[in-house]
Enquirer: 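Just dropping this structure here.
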Amino acid sequence: MLTSICGINWGDEGKGRMVDLLSEEYDVVCRYQGGNNAGHTVINDKGKFILNLLPSGILRENVVNVLGNGMVVDIRHLTEEANRLRAQGIRITPENLKISDKAVITMPYHVLMDCLEEERLADKKFGSTRRGIAPVYADKYMKKAFRMGELLNPDLLYRRVKDIVEWKNLTVEKGYGHAPVTTEEVVEYFRTYGEPLKEYICDTGLYLNEANKAGKKIMFEAQLGALRDIDFGIYPYTSSSSTIAAYAPIGAGVPNLKIDRSIGIMKAYSTCVGEGPFTAEYFGEKAVKLREAGGEYGAATGRPRRVGPFDVVASRYGIRCQGADEIALTKLDVLSGHEELEVCTAYELNGKKLVEFPFTDVLDACKPVFETMKGWNCDISACRKPSDLPKEALDYIRFIEKACECRIRYVSVGAEREAYIKMY
Ligand code: GDP
Ligand code: MG
């Protein structure tokens, strides 16, 4: 059985915490896109963990974790992240972590180029996480990238370095006027951070196929959300990879297999990190209140997240992009303590009401149309079944469910693993 866990909104919906919860029934968890620009915060009986590259299944003893070919892997970051988790008592060995030989390596010069470009753009910057993600994906499609499998054959790899460095310096040195990248530093980087990972590198597509044949349950863990997808998101304020569930079999290395179940993770309100149109955005006091209540600061970067009420237009679109069969609605507890709650149910563009998510260019001109619902004043974080919830909270869930035309199966009411309600 193949399940995908994906983001319906702009990211940070709580995918990590849902993977941590639902992976109990799974044998394998696989990341299939993106890199260490992801930030998944997981709180369970073992402690609090922040995961950037490692799948959230790494926290479960019996789960095998895979970094798929669709990912870009910063090998220094991976080494440091794995060591940080080991210091927190998590076992990470070639038995429970497998890295695709076809995954692309994020190099220090990708991070450098990301920073140089954001600085050049100055006030027109994209709000990049500056983790080298766009430059490394660009190199992948330019066919100038290094892949993990090359680390298994260092002699061949080191012969390629000179040519790539020469090409890279056409932009780093001659374009941006920065000190050149050297062959020596690149080789040294592979020696220090690449070679120790050799035992983890394999044909993960083959591994996943075998696991599937043996009847193992496989979960695909996405990073970011539908609205950051390179094709379907708010381009160019997107990430550089496909964040959607349909890409999971490709990015994981099993394009021959089909997903059985797509679980969309959707936040009970809206948040967005970085630049780009965000129609339902709150400003001023309203924004501060919601941001503080939700602790909305980026896990990867610490940046304050932009916030707003639940956006039906964007979420319906996200659900469609993800082909979600069911929804986990997260962070409902954050909305407690309001007399009234707003929901953005449509956009207004030049006097016309839009209910379908429009092309990115017109988003800036769209104004949110809000409907108001009754809020609830009590703390709901201890609720564990639908009947524990106040009527207003149930009404809010049902309203969203109906507006989005997708069933809400889980509702989370706290960051801890067990703080959730199964609706059916
Ligand atoms: P991801 O990138 O989708 O995995 O999400 P993040 O981890 O970046 O952001 C979700 C944040 O909300 C994390 O800090 C979680 O610990 C926290 N969180 C997750 N679920 C809940 C919830 O139901 N209630 C509250 N209050 N916090 C939650
Ligand atoms: Mg996150």
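Values below: every heavy atom of this structure, side chains too, minus hydrogens, waters and symmetry copies. Atoms within each ligand, like the ligands themselves, are counted from 1 in listed order.
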Enquirer: Compute the shortest N/O to N/O distance between Leu332 and ligand 1 and return yes if it is under 3.5 Å, no if not.
Expert: no
Enquirer: What part of Val413, side chain, backbone, both or neither, has a heavy atom within less than 4.0 angstrom of ligand 1?
Expert: backbone
Enquirer: How is the N/O/S atom of Asp12 that comes nearest to the Mg ion (ligand 2) named?
Expert: OD1
Enquirer: For Gly16, counting its heavy atoms only, list the atoms of ligand 1 lying under 4.0 Å from any of them.
Expert: 4 (O)
Enquirer: Would one find an N, O or S atom of Lys15, in either backbone or side chain, under 2.8 Å from the Mg ion (ligand 2)?
Expert: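 Checking Lys15: none of its N, O or S atoms is under 2.8 Å.
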Enquirer: Should we say atom NZ of Lys216 is surrounded by more than 12 heavy atoms from elsewhere, each under 6.0 Å from it?
Expert: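 Open: at most 12 neighbouring heavy atoms sit under 6.0 Å from NZ of Lys216.
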Enquirer: Any side-chain heavy atom of Trp10 sitting closer than 4.5 Å to one from Arg306?
Expert: no
Enquirer: Could you tell me whether the side chain of Glu348 reaches within less than 4.5 Å of the side chain of Lys353, counting heavy atoms only?
Expert: no
Enquirer: For residues Val413 and Ile421, determine if any side-chain heavy atom of one lies less than 4.5 Å from a side-chain heavy atom of the other.
Expert: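 Result yes, sub-4.5 Å side-chain heavy-atom pair found.
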Enquirer: At under 4.0 Å between heavy atoms, which part of Thr41 makes contact with ligand 1: side chain, backbone, both or neither?
Expert: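 Looking at Thr41 and ligand 1, atoms from backbone and side chain both fall under 4.0 Å.
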Enquirer: Over 60° means perpendicular and under 30° means parallel, so tell me whether Tyr396 and Trp376 are parallel, tilted or perpendicular.
Expert: perpendicular
Enquirer: Side chains of Gln33 and Ser242: does their closest heavy-atom pair fall under 4.5 Å?
Expert: no
Enquirer: Name the option, out of Lys48, Arg17, Lys331, that contains the heavy atom nearest to atom 11 (C) of ligand 1.
Expert: Lys331
Enquirer: Under 4.0 Å, heavy-atom basis, I'd like to know which part of Arg305 is in contact with ligand 1: side chain, backbone, both or neither.
Expert: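 Near ligand 1, Arg305 shows its side chain, while the N, CA, C and O stay back.
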Enquirer: Evaluate Gly414 for polar contact with ligand 1, using N/O atom pairs at a separation under 3.5 Å.
Expert: yes
Enquirer: Any N or O on Gly39 sitting closer than 3.5 Å to an N or O of ligand 1?
Expert: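 Yes, since at least one N or O of Gly39 sits under 3.5 Å from an N or O of ligand 1.
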Enquirer: Please check: side-chain N/O of Asn36 versus main-chain N/O of Asn52, any donor-acceptor pairing under 3.5 Å?
Expert: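 Pair absent, no side-chain N/O of Asn36 close to backbone of Asn52.
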Enquirer: May I ask you to list the atoms of ligand 1 that are less than 4.0 angstrom from any heavy atom of Ser412?
Expert: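 Atoms satisfying the 4.0 Å criterion: 20 (N), 21 (C), 22 (C), 23 (O).
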Enquirer: Leu157 versus Phe190: any side-chain heavy-atom pair under 4.5 Å?
Expert: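 Heavy-atom side-chain distance check passes, below 4.5 Å.
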Enquirer: Is there a polar contact, in the sense of an N or O pair closer than 3.5 Å, between Gly14 and ligand 1?
Expert: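 For ligand 1, there is an N or O atom that lies under 3.5 Å from one belonging to Gly14.
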Enquirer: Is any N or O atom of Asp12, backbone or side chain, closer than 3.5 Å to an N or O atom of ligand 1?
Expert: yes
Enquirer: Is the shortest side-chain heavy-atom distance between Thr243 and Gln223 below 4.5 Å?
Expert: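 Thr243 vs Gln223: side chains apart.
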Enquirer: Under 4.0 Å from a heavy atom of Val334: which atoms of ligand 1 are those, numbered in the order shown and with their elements?
Expert: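 Counting atoms of ligand 1 from 1, those under 4.0 Å from Val334 are 26 (N).
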